[in-house]
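Beneath this line is the structure, given in structure tokens, with notes to follow.
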Amino acid sequence: MQFGIKTSQQDTRWADMLAVWTEADDIDVFTSAWNFDHFYPIFSDSTGECLEGWTTLTALAQATRRIRIGSMVNGIVYRHPAVLAAMASSLDIISGGRLELGIGAGWNEEECDAYGIQLGTLTERFDRFAEACEIIKGLLTREFTSFEGRYFSLTEARNNPPGVQQPHPPICIGGQGERRTLPLVARYADHWNCPGPDLDTYRAKHAVLQDACAAIGRPPGEIKTSMHLRVPDDGDPAPVAEAAAAYAEAGVDLAICYLPPPHTPAVLEPLAEALTPLAG
């Protein structure tokens with residue numbers, strides 16, 4: 001099993017988050033580090049402070065050298081997919097080929113209403129997301145991309161320079177919806193993040209993903225799977241290691257350890273020590 005860390009930009013200080021990432025970069029058991037893509041806090045008072053995700057991620061890319069980086073996940077509703085593809089390619093270059101591109105349909109009504117962003121109905125969100133997935137994959141892999149859809153239109157669009165990783169930075173899609181999300185994972189993703197279910201639910205959702213892969217002739221083993229594991233407020237690593245062992249037994253490839261604020265690098269060494277026997 002592989003292990004990552006996640007620090008959301010809510011209710012934290014830049015210096016504290018930076019200290020966590022630079023420390024994790026020196027601990028081999030942690031292979032990736034993630035932030036989130038929200039403008040307001042989502043687990044606490046939404047009027048609190050929250051640093052913007054892409055600028056923060058770019059700065060953290062420059063502050064680290066080894067660990068893979070990503071946002072779990074970027075809401076398509078916030079940015080035109082062509083702009084997002086260009087941002088991803090640029091950050092892949094800046095990071096030396098360490099970017100994981102997380103994408104999702106978006107869901108936060110409070111943020112969208114406040115910023116005048118049209119979130120739309122659930123059907124509209126996923127219709128737009130499906131278009132965006134096709135556009136992003138095209139721009140990351142082809143010299144020119146043309147597209148005509150309900151939400152987006154491209155004419156011989158270029159994404160130059162391309163990213164370092166070939167054929168493109170790994171695409172991670174987050175979500176567990178059986179009708180729309182998992183078929184899109186099967187078609188476009190290199191990595192699937194299944195947010196928060198218990199083991200039985202994960203197994204059931206993974207079976208749906210396997211069926212979706214079979215329907216298009218794709219080996220499901222090509223898609224890495226991940227889960228979030230929340231680190232307790234007191235930093236105790238024991239329940240995290242226990243949960244990781246159970247998810248590893250169920251076939252999860254990557255456990256992302258969600259660190260609570262206030263962020264401190266002091267939690268990392270005990271966490272790494274508890275997780276090392278499971279790493280591989």
Side-chain angles (χ1 to χ4, degrees), residues 4 6 8-9 32-39 42 52-58 61 68-92 95 98-108 111-112 117-120 122-142 145 147 149-152 154 157 159 162-163 165 167-177 179-196 205 209 212-213 218 222-228 254 256:
K6 183 171 179 178
S8 55
Q9 307 91 251
S32 60
W34 306 80
N35 68 0
F36 75 1
D37 187 31
H38 288 285
F39 307 115
I42 61 171
E52 194 279 325
W54 270 91
T55 49
T56 305
L57 189 63
T58 302
R68 296 189 64 79
I69 62 168
S71 183
M72 187 67 77
V73 289
N74 296 282
I76 288 297
V77 68
Y78 298 137
R79 303 169 193 87
H80 192 289
V83 174
L84 183 60
M87 293 168 65
S89 293
S90 295
L91 188 48
D92 197 42
S95 66
R98 292 185 287 130
L99 178 68
E100 304 267 333
L101 177 55
I103 54 176
W107 59 269
N108 194 304
E111 292 175 336
C112 290
I117 297 170
Q118 296 299 315
L119 181 59
L122 196 60
T123 297
E124 289 169 337
R125 297 176 206 177
F126 279 94
D127 288 346
R128 178 175 54 218
F129 184 47
E131 290 187 14
C133 287
E134 184 174 344
I135 289 169
I136 290 170
K137 193 70 172 274
L139 286 166
L140 293 179
T141 57
R142 298 196 297 267
T145 298
F147 182 87
R150 177 182 175 186
Y151 297 95
F152 306 111
L154 278 69
N159 178 34
Q165 299 178 83
H168 54 77
I171 294 173
C172 172
I173 293 178
Q176 56 178 295
R179 192 173 69 87
R180 301 298 301 271
T181 301
L182 294 179
L184 290 171
V185 171
R187 185 168 296 278
Y188 294 108
D190 307 286
H191 172 183
W192 169 51
N193 177 256
C194 186
K205 299 294 184 180
L209 176 59
C213 287
R218 183 180 185 190
E222 292 181 355
I223 302 173
K224 179 166 67 176
T225 61
S226 68
M227 298 284 297
H228 287 94
L254 169 66
I256 300 172

Using every non-hydrogen atom in the two residues, find where [X] and [Y] come nearest and quote the distance to one decimal.
{"X": "Ser89", "Y": "Leu140", "result": "OG-CD2, 3.5 Å"}
{"X": "Gly177", "Y": "Pro183", "result": "O-CD, 4.5 Å"}
{"X": "Gly175", "Y": "Trp192", "result": "O-NE1, 2.7 Å"}
{"X": "Pro170", "Y": "Asp190", "result": "CA-OD2, 3.5 Å"}
{"X": "His168", "Y": "Thr141", "result": "CD2-CG2, 3.5 Å"}
{"X": "Asn74", "Y": "Gly102", "result": "ND2-O, 2.7 Å"}

Contact between [X] and [Y] at the side-chain level, heavy atoms closer than 4.5 Å - yes or no?
{"X": "Lys137", "Y": "Ile171", "answer": "yes"}
{"X": "Ile136", "Y": "Leu101", "answer": "yes"}
{"X": "Cys112", "Y": "Gln118", "answer": "no"}
{"X": "Cys133", "Y": "Ile103", "answer": "yes"}
{"X": "His80", "Y": "Leu154", "answer": "yes"}

Spacing of [X] atom [atom1] and [Y] atom [atom2] [to the nearest 0.5 Å]:
{"X": "Asn108", "Y": "Ile42", "atom1": "CG", "atom2": "CD1", "value": "7.0 Å"}
{"X": "Lys205", "Y": "Thr225", "atom1": "NZ", "atom2": "OG1", "value": "15.0 Å"}
{"X": "Phe36", "Y": "Gln9", "atom1": "CZ", "atom2": "CD", "value": "5.0 Å"}
{"X": "Tyr188", "Y": "Arg218", "atom1": "OH", "atom2": "CZ", "value": "11.5 Å"}
{"X": "Tyr151", "Y": "Ile135", "atom1": "OH", "atom2": "CD1", "value": "12.5 Å"}
{"X": "Ile173", "Y": "Arg187", "atom1": "CD1", "atom2": "CZ", "value": "11.0 Å"}

Point to revise | Stacked cation flag Arg180 on Phe126, 6.0 angstrom / 45 deg | key: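 No; the conditions do not both hold, so Arg180 does not lie above the ring face of Phe126.
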Looking only at side-chain N and O atoms, does [Y] offer a donor or acceptor that is under 3.5 Å from a partner on [X]?
{"X": "Trp54", "Y": "Asp37", "value": "no"}
{"X": "Asn35", "Y": "Thr56", "value": "no"}
{"X": "Ser8", "Y": "His38", "value": "no"}

Review point. Got a salt bridge between Glu124 and Arg128, using NZ or NE/NH1/NH2 to carboxylate O under 4.0 Å?
Key: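 Judged by the 4.0 Å cut-off on N to carboxylate O distance, Glu124 and Arg128 do not form a salt bridge.
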Review point. With the threshold set at 4.0 Å, does a side-chain nitrogen-carboxylate oxygen contact exist between Arg79 and Glu52?
Key: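 Here Arg79 pairs with Glu52 in a salt bridge, since their nearest N and O are under 4.0 Å apart.
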Counting only N and O atoms by type, is there a donor-acceptor contact under 3.5 Å from the side chain of [X] to the main-chain atoms of [Y]?
{"X": "Ser95", "Y": "Asp92", "result": "yes"}
{"X": "Arg125", "Y": "Ala105", "result": "no"}
{"X": "Glu131", "Y": "Phe152", "result": "yes"}
{"X": "Lys6", "Y": "Met72", "result": "yes"}
{"X": "Glu100", "Y": "Ile69", "result": "no"}
{"X": "Asn159", "Y": "Pro162", "result": "no"}

Point to revise | Trace of the side chain to side chain contact (heavy atoms under 4.5 Å, CB included) decision for Ile256 with Asn193 | key: CA-CA 10 Å; Ile256 300 172; Asn193 177 256; 4.2 Å; yes
**Study point:** Flag if over 12 foreign heavy atoms under 6.0 Å of CD, Glu222
**Key:**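 Count over threshold, so yes.
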